[in-house]
Protein chains: 2
Amino acid sequence: MVEAVEPVGRDKRVARSQAAVLAATYELMLEGGLAGVSVDEVSRRCGVAKTTIYRHWPSRSALLLDACSQMGTAVPVPDTGGLAGDLHILVEGLADQLRAPGWPAILPSIIDAAERDPDLARAHAELHRSLMDPFLDAVEQARRRGDIRGDRDPTAVVASLVGPLFYRRWFSREPLDAAFVDQVLDVALDVAGAAARQGSTSGGGARSGPVR
Amino acid sequence: MVEAVEPVGRDKRVARSQAAVLAATYELMLEGGLAGVSVDEVSRRCGVAKTTIYRHWPSRSALLLDACSQMGTAVPVPDTGGLAGDLHILVEGLADQLRAPGWPAILPSIIDAAERDPDLARAHAELHRSLMDPFLDAVEQARRRGDIRGDRDPTAVVASLVGPLFYRRWFSREPLDAAFVDQVLDVALDVAGAAARQGSTSGGGARSGPVR
DNA sequence: CGGAAAAACTACGAAACCGTAGCGTAGTGT
DNA sequence: ACACTACGCTACGGTTTCGTAGTTTTTCCG
C-alpha cells in the first residue's frame, strides 16, 4: 500500500509517523483487539497528531486493514529432506507462536471481523496464506516424492496438523504442552500416509525425545 | 441466573420482557458480534424500554454474559455401540452446525472477548464444555471398552477430531464438504488407536460408506 | 375490581468516538 | 537559503453509547 521501497528520496517524517502509528495500532490491537483501537487513542499513545493520521489513512478502517496486512511473518520453509523433519520444525514453530503473546490475542479479533467485513476477510486470507503456505509446501513436496498417499487432500492434511493446535489454544484453552504437540505430529504423519514412517506407530511420544 | 423454574407465580410481564430482550440480543450478536450489541439498539429492536432492560440486567456486560450463557445446545449423546458410529454422528452434527449460520457468526466474537474478559472466559468454558462433552464421553467410553489405545490423551483425540473442522470453518475458510469430514473421521479413528479398525488403513474413504 | 408491580416514555449528563478545518511551526530536499 | 511539505495544536460538529431519574400508563394478581 505504502511504497516504502524505491529510493525516491522520500521524506523521513512520513516514514517516522507511519511507523509510529502502525506500532501503536499494533500495540492497541494486542490489548483490546480490533475493537480496542481508536484513532484518538493511537494518536495519544504515539504522539502523532490525529490530523496527521488522517493525512495518511483515509479512515480508521483503512488503518486497521493496513496494520493487519503487516502482520504476516515470513516463515522460512525448512528442508530437512524428509516430511517428518520438516513438519516437526513447522509445527513446533507454530506451537511456539501460539504460546507466546502476540497474534494469539489478535487473530480471533480478525477472524471475528472477517466474518462480516469483506476487506478484512481478504486481509485474513492473505495472512492465512502466509502462515500456512510453508505447511502446504512441505506436504505437497512430500506428496510429489511419494511419501504421502495420493488420495489425501493436502489442505486436509494441513488441517489435521494445525487444526488441533488452533483448537487447543482458542477453543478448549487447555495447555499446549509438548506431549500434545507430539501426539498431533504423530497422528498427522499417520494420516499423511505411513510410507514415511519407520515403525513409530507404536511409540507415541518416543519420537519427540531425540528430535527435541 | 434468572430462576425461571419455580411456580412462584412469576409475573408474566417480566418473562415476556426478558425473553424479548434476550432474543433481540442474540439477533444483534448474529449480525455484529458482541461488539455489535448496544443496549439502545436492543431496546429499539425488541420494543422493550431501555430502563426496563436495566431493571433486569445491571449492565450491558451482564446482558451479554447472560445471552452467551444461554447458547449451549444440549446435544444428545448417541450410542450406536461402537466408537466409529458415535463419532460419525457427532462429527456430522458438528459440521452441520458449522455450515449453518448461527454460532459460527458468534463464537469468534466470544473467543476474542474471552481472551481478555475473565467473566466471558468462564462463559466460554462452559459453552465449550456443553459442546464438547459428548465427544469426550464417546471417546472415554470407547477407551474403557478398550477400543482405543490407552496412551492417547482423550482430550487430544477430541482435538484431532474437531480441531480440523473449526480450522476449516474459521481459519482457512475452505469448503467444509463431505469429503473433508470423512477424511477427518478416518484420520481420527486411526489416531484413536487401531484396536477398532479392521484393516482399513489402506482404504481411506472406504470406511465412511458402511458406517453411514 | 382495586392495589401493586412492571413497563413505557421522555429527558438528561457524561463520555468516547469519528472525521474535518484552520493556522502556525518545524523539518526536508534541492 | 528557500520553497515546500509534513506536522502539531486547538477546536469543532455530529453521532453513538452507557446508565440514571422522574413521571405516567399499562398490566397482572388476588
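Within every chain, numbering begins at 1; the chains are lettered A, B, ... in the order of the sequence lines, protein sequences first and strands thereafter.
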Return the polar atom pairs (N/O with N/O) between nucleotides 9-11 of chain C and the protein under 3.5 Å, or none.
{"unit_1": "C:dC9", "atom_1": "N4", "unit_2": "B:Thr51", "atom_2": "OG1", "d": "3.0"}

**Prompt:** Are side-chain heavy atoms of B:Ser61 and B:Asp119 found at a separation under 4.5 Å?
**Reply:** no
Separation of D:dG19 atom P from B:His56 atom NE2, nearest Å, is 16 Å
To the nearest angstrom, the CG-C1' distance between B:Asp11 and C:dA6 comes to 7 Å
query: When only distance counts, do a donor and an acceptor, one from the side chain of B:Arg13 and one from the base of D:dT27, lie under 3.5 Å apart?
result: yes
Q) Are A:Glu115 and B:Arg173 close enough for a salt bridge, meaning some N to O gap below 4.0 Å? A) yes
Here the distance between atom C1' of C:dT20 and atom CH2 of A:Trp57, to the nearest Å, is 18 Å
In whole angstroms, the gap separating C1' of C:dG27 from CZ of A:Arg16 amounts to 9 Å
*asked:* Between B:Asp186 and A:Arg152, does any NZ, NE, NH1 or NH2 come within less than 4.0 Å of an OD or OE carboxylate oxygen?
replied: yes
Of D:dC7, C:dC17, D:dG19, the nucleotide closest to the side chain of A:Asp40 is C:dC17
| said: Counting C-beta onward and ignoring hydrogens, is there a side-chain heavy-atom pair between A:Val157 and A:Asp153 closer than 4.5 Å? | reply: no
Rounded to whole Å, CZ of B:Arg60 lies from C1' of D:dT16 at a distance of 12 Å
Any heavy-atom pair between the side chains of B:Leu136 and B:Met132 that's under 4.5 Å? no
Item checked: Note, A:Arg144 side chain near A:Ile148 side chain (heavy atom, < 4.5 Å) -> no
A:Lys12 NZ to D:dT5 P, in whole Å, measures 18 Å
Measuring only between side-chain heavy atoms, which start at C-beta, is A:Phe166 closer than 4.5 Å to A:Leu94? yes
**Prompt:** Is A:Ser160 close to B:Val184 at the side-chain level, that is, under 4.5 Å between some pair of heavy atoms?
**Reply:** no
message = Looking at A:Arg45 and A:Ala24, would you say the former's side chain and the latter's main chain have a donor-acceptor pair under 3.5 Å?
response = no
When rounded to whole Å, the OH to P distance for the pair A:Tyr54 and D:dC12 reads 19 Å
- Message: Any non-hydrogen side-chain atom of B:Leu34 less than 4.5 Å from a side-chain atom of B:Leu120?
- Response: yes
When the rotation axes relating C1' atoms of four end pairs to the next four are compared across the helix from C:dG19-D:dC12 to C:dT30-D:dA1, five pairs an end, they differ to 10° by 30°
Rounded to 10°, the helix from C:dC1-D:dG30 to C:dC17-D:dG14 deviates from straight, judged by its five-pair end axes, by 20°
- Item | 4.5 Å side-chain heavy-atom contact, A:Leu107 and A:Trp170 | yes
- Task: Return no unless some side-chain N or O of B:Ser17 is found under 4.0 Å from OP1 or OP2 of C:dA7.
- Result: yes
Rounded to whole Å, CG of A:Leu63 lies from P of C:dC17 at a distance of 14 Å
_Salt bridge check, B:Glu41 against B:Lys50: does any charged N sit closer than 4.0 Å to a carboxylate O?_
no
Comparing nearest nucleotides in DNA chain D, the 5'-proximal residue of the pair B:Ser59, A:Val48 is A:Val48
